[in-house]
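Ligands are counted one by one from 1 in listed order, and the atoms in each one are counted from 1 as well.
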Amino acid sequence: MNNHLSDRINNMATSATLAMAAKARELRGQGKDIIGLSLGEPDFNIPDFIKDAAKKAIDENYSSYSPVDGYADLKQAISNKFKRDNGLEYGLNQIVVSTGAKQSLANIAMVMLNDGDEVILPAPYWVSYSDIVKLAGGVPVEVPTSIDTDFKMTPAQLEAAITPKTKMMWFSSPCNPSGSVYSEEELKGLAEVLKKHPNIFVVSDEIYEHINFRGGHVSIAGIEGMYDRTITVNGVSKAFAMTGWRIGYIGGPEWVAKACTKFQGQNTSGANAIAQRATITALEAPVSKIQFMIDEFHKRRDLVLGLLGEIEGFNLNIPEGAFYVFPDISSFFGKTLNGTKINDASDFALYLLEHANVATVTGAAFGNPNCIRISYAASEDELKEAISRIKAVL
Ligand code: PMP
Ligand code: GLU
């Protein structure tokens, strides 16, 4: 049947995070007691003040097509947020609202990349970057990092990865999946290298900016020389638990924003009107309103690190943000556990699913085949139970 499909889709990988979540759902449907730690999705409800704004928007009949690039007052709220939280000045003509940060990223790839353009991805990287880049004709160039450098790319590694075909570099900080947070010094180091290569643009995915346990999020666009060549991506899925409401946005050079609007106008039009109205309220609220979620994630991170640290063979960095741990479990490769040979991280994740009823995601999907990703966006009880099951089957 697949021979009627395009090469484009046949060559694309299925999103491993969503696939694992679907598998967990399916097994649950068959009556299995699966604990899902595969999906990066806050387990909190959307705060009431945001829900109230959405209800109000319905009553006020925000039911028509919205402007392709977002309501002007939402873009103003985004502009204010960039200034307040990131010290970045983006005018309304530099901002585009989309159906999730995922769409923002896909827009950028489609408007910036020509066939064969190389995009540097410090690995591990967020699961969809590589296929989004490939879909647009780009060539992902993975720069492997390891637990020894806290999964961060060094300036020397960046320099070595640059070729005459390099068009962009994409990264997230706090990082999904490693939880690593680049310091200002580290970003300055990368910016120094980029200064020598003025044609390289940066996508800075800051969707986890608030879920940062060391404090002091730094945007690379704020570093000298970087503003005109950075597209800052953000959204409300993580900070406000609004995953299903699908709002993301960018701030960047006006010509990029204009191109994204043009592209989006032929694809999806403006993002959901009700969710956009609610996002104004979310972004205008002080960060203190969501501090309870950040504190809770911090507590859970410590819990999970403590419990996983007791399992022999798990090698862990200390994630300083987001809500994932990314243990190196390569010490299990080549071993046979309960009759199952573990050759790689995918086998390991499958083994945990089948024997411990715990869903995680293979690190291979994030460009690091020695690790698995465990999301701790789950209750303390679920986390304790999941890790005790993992321990038991190892
Ligand atoms: N970037 C990163 C690093 C993410 O973890 C996610 C979560 N799915 C996204 C982008 C996309 O977020 P959304 O489309 O829900 O705004
Ligand atoms: N960002 C989340 C994750 O990495 C959500 C799933 C997705 O959009 O891929 O699990």
Side-chain angles (χ1 to χ4, degrees), residues 12-25 36-43 46 70 78 96-109 121-133 151 169-182 202-212 217 219-220 231-251 260 264 268 271-272 275-276 278-279 282-283 297 319 321-326 349 359-368 371-378:
M12 184 189 252
T14 300
S15 162
T17 46
L18 300 184
M20 201 57 162
K23 177 108 190 139
R25 226 177 274 135
L37 305 182
S38 58
L39 200 59
E41 167 154 70
D43 55 317
I46 295 176
I78 291 169
V96 181
V97 179
S98 299
T99 301
K102 202 180 260 184
Q103 188 185 22
S104 304
L105 292 162
N107 285 347
I108 295 165
L121 303 180
Y125 49 79
W126 181 51
V127 64
S128 293
Y129 290 172
S130 166
D131 276 283
I132 288 175
V133 164
F151 295 112
M169 172 193 123
W170 288 26
F171 78 114
S172 62
S173 175
C175 173
N176 177 0
S178 67
S180 306
V181 176
Y182 282 84
V202 172
V203 165
S204 178
D205 182 343
E206 304 184 12
I207 198 158
Y208 294 96
E209 68 169 326
H210 293 304
I211 307 170
N212 175 343
H217 173 78
S219 295
I220 193 167
I231 301 121
T232 308
V233 176
N234 212 322
V236 290
S237 286
K238 314 297 167 178
F240 301 97
M242 289 168 68
T243 48
W245 290 26
R246 312 303 305 126
I247 298 291
Y249 54 88
I250 60 161
C260 288
Q264 192 165 291
T268 55
N272 179 288
Q276 283 197 57
T279 297
L283 294 180
F297 283 131
F323 37 65
Y324 310 100
V325 285
F326 198 60
T360 60
V361 189
T362 171
F366 303 90
N368 185 321
C371 298
I372 58 166
R373 191 191 76 173
I374 299 175
S375 160
Y376 54 85

Name each N or O atom in ligand 2 that is under 3.5 Å from a protein N or O, and give the partner atom and the distance.
unit_1	atom_1	unit_2	atom_2	d
ligand 2	1 (N)	K238	NZ	3.0
ligand 2	4 (O)	W126	NE1	2.9
ligand 2	4 (O)	N176	ND2	3.0
ligand 2	4 (O)	R373	NH1	2.9
ligand 2	8 (O)	K102	NZ	3.1
ligand 2	9 (O)	T17	OG1	2.6
ligand 2	10 (O)	G40	N	2.7
ligand 2	10 (O)	R373	NH2	2.7

Where [X] and [Y] come nearest, the two heavy atoms and their spacing:
X: A349; Y: T362; value: CB-N, 4.1 Å
X: P124; Y: C175; value: O-SG, 3.8 Å
X: Y182; Y: P122; value: OH-CB, 4.3 Å
X: R373; Y: G40; value: NH2-N, 3.6 Å
X: A16; Y: V127; value: N-CG2, 3.9 Å
X: D43; Y: A378; value: OD2-C, 3.5 Å

Report yes if [X] has an N/O atom closer than 3.5 Å to an N/O atom of ligand 1; otherwise report no.
X: T243; value: no
X: S172; value: no
X: S237; value: yes
X: D205; value: yes
X: Y208; value: yes

Atom 9 (C) of ligand 1 - nearest protein heavy atom and its distance: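 Answer for atom 9 (C) of ligand 1: W126 CH2, 3.5 Å.
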
With a cut-off of 4.0 Å, which atoms of ligand 1 are near a heavy atom of [X]?
X: I207; value: 1 (N), 2 (C), 3 (C), 4 (C), 12 (O), 16 (O)
X: N176; value: 3 (C), 4 (C), 5 (O)
X: G100; value: 14 (O), 16 (O)
X: R246; value: 13 (P), 14 (O), 15 (O)

Interatomic distance, I78 atom CD1 to T279 atom OG1 [nearest 0.5 angstrom]: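 It is 7.5 Å, given to the nearest 0.5 Å.
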
Output field: ring centroids Y208/F323 closer than 6.0 Å: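 Between F323 and Y208, which both carry aromatic rings, the centre distance is below 6.0 Å.
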
Stepwise side-chain contact (heavy atoms from CB on, under 4.5 Å) test for N107 and I250: CA-CA 10 Å; N107 285 347; I250 60 161; over 6 Å; no

Derivation and outcome, side-chain contact (heavy atoms from CB on, under 4.5 Å), residues T232 and E206: CA-CA 7 Å; T232 308; E206 304 184 12; 3.6 Å; yes

side-chain contact (heavy atoms from CB on, under 4.5 Å) evaluation trace for F366 with T17: CA-CA 10 Å; F366 303 90; T17 46; 3.9 Å; yes

Contact check, G235 vs ligand 1, heavy-atom distance below 4.0 Å: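 Contact check G235 vs ligand 1: negative.
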
Heavy-atom gap Q103 to ligand 1 smaller than 4.0 Å: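 It does not, in that no heavy atom of Q103 comes within the 4.0 Å cut-off of ligand 1.
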
K238 contact mode with ligand 1 (heavy-atom cut-off under 4.0 Å):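 Only the side chain of K238 comes within reach of ligand 1.
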
Proximity of A101 to ligand 1 by residue part, where a heavy atom lies under 4.0 Å: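 For A101, backbone and side-chain atoms both sit under 4.0 Å from ligand 1.
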
Contacts of A271 that satisfy side-chain contact (heavy atoms from CB on, under 4.5 Å) - sequence neighbours left out: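 Testing A271 for side-chain contact (heavy atoms from CB on, under 4.5 Å), a comparison that skips the adjacent residues, returns V97, T99, I247, Q276.
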
Option from Y125, Y129, W170 for which side chain to side chain donor-acceptor pair (under 3.5 Å) with D205 holds: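 Among Y125, Y129, W170, the one that satisfies the side chain to side chain donor-acceptor pair (under 3.5 Å) with D205 is Y129.
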
